[in-house]
*Asks:* 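Quick one: the structure is below, questions incoming.
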Number of protein chains: 2
Amino acid sequence: MEYTIQSLASLAGVSTRTLRYYDEIGLLPPARINSSGYRIYGQAEVNQLQQILFYRELGVRLDKITELMTAPSFDVGKALEDHREKLIEKRDRLNLLIANVEKSLALTEGRTKMSDKEKFNGFKKKLIEDNEKVYGQEVRGKYGDEAVNQSNAKLLNMSQEDYEKVTKLEQDIRTALAESFLTGDPESELAQKAADLHKQWISYYWPQYSKEAHAGLAQMYVADERFTAYYDKEQVGTAEFLRDAILIYTK
Amino acid sequence: MEYTIQSLASLAGVSTRTLRYYDEIGLLPPARINSSGYRIYGQAEVNQLQQILFYRELGVRLDKITELMTAPSFDVGKALEDHREKLIEKRDRLNLLIANVEKSLALTEGRTKMSDKEKFNGFKKKLIEDNEKVYGQEVRGKYGDEAVNQSNAKLLNMSQEDYEKVTKLEQDIRTALAESFLTGDPESELAQKAADLHKQWISYYWPQYSKEAHAGLAQMYVADERFTAYYDKEQVGTAEFLRDAILIYTK
DNA sequence: TTTGACCTTTACGTAGCGTTAAGGTGTATG
DNA sequence: CATACACCTTAACGCTACGTAAAGGTCAAA
């Protein structure tokens, strides 16, 4: 299949000016020039353009792309794998930004607090600076990075202060629960304190607190074995006890 | 908290040149100038800068940003919601690109075929062209409040029949989730199906279903490591993916 | 008092095109 | 046949969002 400049441009979603410019700088010369001086592109150019657009999407400068693609060691398969990795990183960054915007929304509604540092989560793009390392060199970390990335994402989104509070709340809940469980009375002051702590705790994670949802979660603490196992770890029956305390609390 | 130009720059991950330029074009003048002529930024400027960076991330031109943010009708909450929407669109585009690169990889290995048109999937960005529509206009569809489900409270004790249904639902969710995760797109039909199945599932436990509570639970799926561990057991990132799917589902 | 990390303004440079302008080519239609 | 019209060409200037000096004030610590 052969393409004129416009047909290739509209195929790829770029302007004809862009294609002429890429020709001008030697990044993507057409396969041939016909008798009227028209640029004619072929299959190889289609594939090269795709490569170029991947690099461009990742913020690589055009002269760098030229350098990379004209190198004798250029390996399409390897390049594609690099693209994949970088695109996933970029998506992760976007996920951070989305988490950021969501927390900022909660902030405007007074549902949470946010440190100034948090407000710029996801914006700092070492990504582009790192392009040289990634595309210039061979070595890269393994896929384990992704797991680390994602687990960090949730912590990053929480200020250090918040994180400490949440951790302390978890501890307090466990203590209050263990003690009040001994009384056997979910209406007792201590059991209700545990329920209240629990409310505070979920308030860190939920966009807005409601009694119904809290009660619903309590039901699930018994229905869902994941929870049951967690709460009953020390003492069988604790999950059920907490559920009862919360049901009373939210009544 | 007050910031000098450099402290704000490093906080936000931009250059001091950028901040001076933003001052120069009237996009972000400092809160005040001290006796030595230094720019001093305050809390309001921190928040404005965050807004600016969101717009910039989405490819909005600086003069347009100035125009938007100095308008008397500018509403931070509304802007943030727009950001969220556009960021999600951008992430969707990235997911397309990732799918594209993966298919291209398969192509180089001779495992598949690919039309020239497919090769540019995800590159065409109507995104930026649409910015005016999204940011230029005021009116946005307000998501209509769904009539509250006034059904009776669910009984904790399930019938044998219910139990089987619930067990099957759990299995279905896992399957739908695992499959849709591969697409990487929480808006995909399959991912939304998973979210719907999840709704049915919690409806067995909750006294009444509400979108807010559902969304809240979704948040917790990422925030609470018990859930995260459960969903990420087979595939890291699944909890996050489910959260995104539910957040879209409940929007 | 000197160092060195800050800050200032001014000004020129740049990447990656967008946008005319002035003109040639190809073909379908009156 | 001509003429309209959608294509193509080169040339050249313009633009955005800064990067990068250069030349010089400010300020806390040594």
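Just so we're on the same page: letters track the sequence lines, and every chain starts at 1.
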*Asks:* To the nearest Å, give me how far apart CZ (B/Arg61) and C1' (D/dC15) are.
*Replies:*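 Distance check: B/Arg61 CZ to D/dC15 C1' gives 10 Å.
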*Asks:* Look at the aromatic rings of B/Tyr55 and B/Phe74 and report parallel, tilted or perpendicular, splitting at 30° and 60°.
*Replies:*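 Tilted.
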*Asks:* What are the residues of residues 15-39 of chain A, sorted by number, that bring a heavy atom to within less than 4.0 Å of DNA chain C?
*Replies:*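 Contacts with DNA chain C under 4.0 Å: A/Ser15, A/Arg17, A/Thr18, A/Tyr21, A/Tyr22, A/Ser36, A/Tyr38.
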*Asks:* Look at the side-chain N and O atoms of B/Gln6 and state whether any lies under 4.0 Å from the OP1 or OP2 oxygen of C/dA5.
*Replies:*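 The answer is no; no side-chain N or O of B/Gln6 sits under 4.0 Å from OP1 or OP2.
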*Asks:* So, do A/Val14 and A/Arg56 sit near enough that their side-chain heavy atoms are less than 4.5 Å apart?
*Replies:*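 Yes; the side chains approach each other to less than 4.5 Å.
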*Asks:* Using heavy-atom distances to pick each residue's nearest nucleotide on DNA chain C, tell me which of A/Leu62 and B/Thr4 is more 5'.
*Replies:*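 Here B/Thr4 is the residue nearer the 5' end.
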*Asks:* Please evaluate residues A/Asn100 and B/Gln50 with respect to the criterion side-chain hydrogen bond (donor to acceptor under 3.5 Å, both in side chains), reporting the C-alpha separation (whole Å), side-chain torsions for both, the decisive distance (0.1 Å), and the verdict.
*Replies:* CA-CA 10 Å; A/Asn100 182 337; B/Gln50 188 206 25; 3.1 Å; yes
*Asks:* Taking CG from A/Leu49 and C1' from C/dC17, how many angstroms apart are they, rounded to a whole number?
*Replies:*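 Spelled out: CG on A/Leu49 to C1' on C/dC17 is 15 Å.
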*Asks:* Has the side chain of A/Glu118 got a donor or acceptor atom that lies under 3.5 Å from a matching backbone atom of A/Ser115?
*Replies:*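 Confirmed, A/Glu118 side chain pairs with A/Ser115 backbone.
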*Asks:* Using whole Å, what does the distance between atom P of nucleotide D/dA17 and atom CZ of B/Arg56 come to?
*Replies:*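 After rounding, the gap between these two atoms is 10 Å.
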*Asks:* Check the side chains of A/Gln51 and A/His83 for a donor-acceptor pair under 3.5 angstrom, ignoring hydrogens and angles.
*Replies:*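 Indeed, the side chains of A/His83 and A/Gln51 share at least one donor-acceptor pair under 3.5 Å.
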*Asks:* Rounded to the Å, how far apart are B/Ile40 CD1 and C/dT8 P?
*Replies:*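 Going from CD1 in B/Ile40 over to P in C/dT8 covers 8 Å.
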*Asks:* Specify the separation, in whole Å, of atom NZ of A/Lys64 and atom P of C/dG16.
*Replies:*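 Value for this atom pair: 13 Å.
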*Asks:* Would B/Leu53 and B/Glu57 count as a side-chain contact (heavy atoms from CB on, under 4.5 Å) here? Give the steps.
*Replies:* CA-CA 6 Å; B/Leu53 294 187; B/Glu57 175 72 28; over 6 Å; no
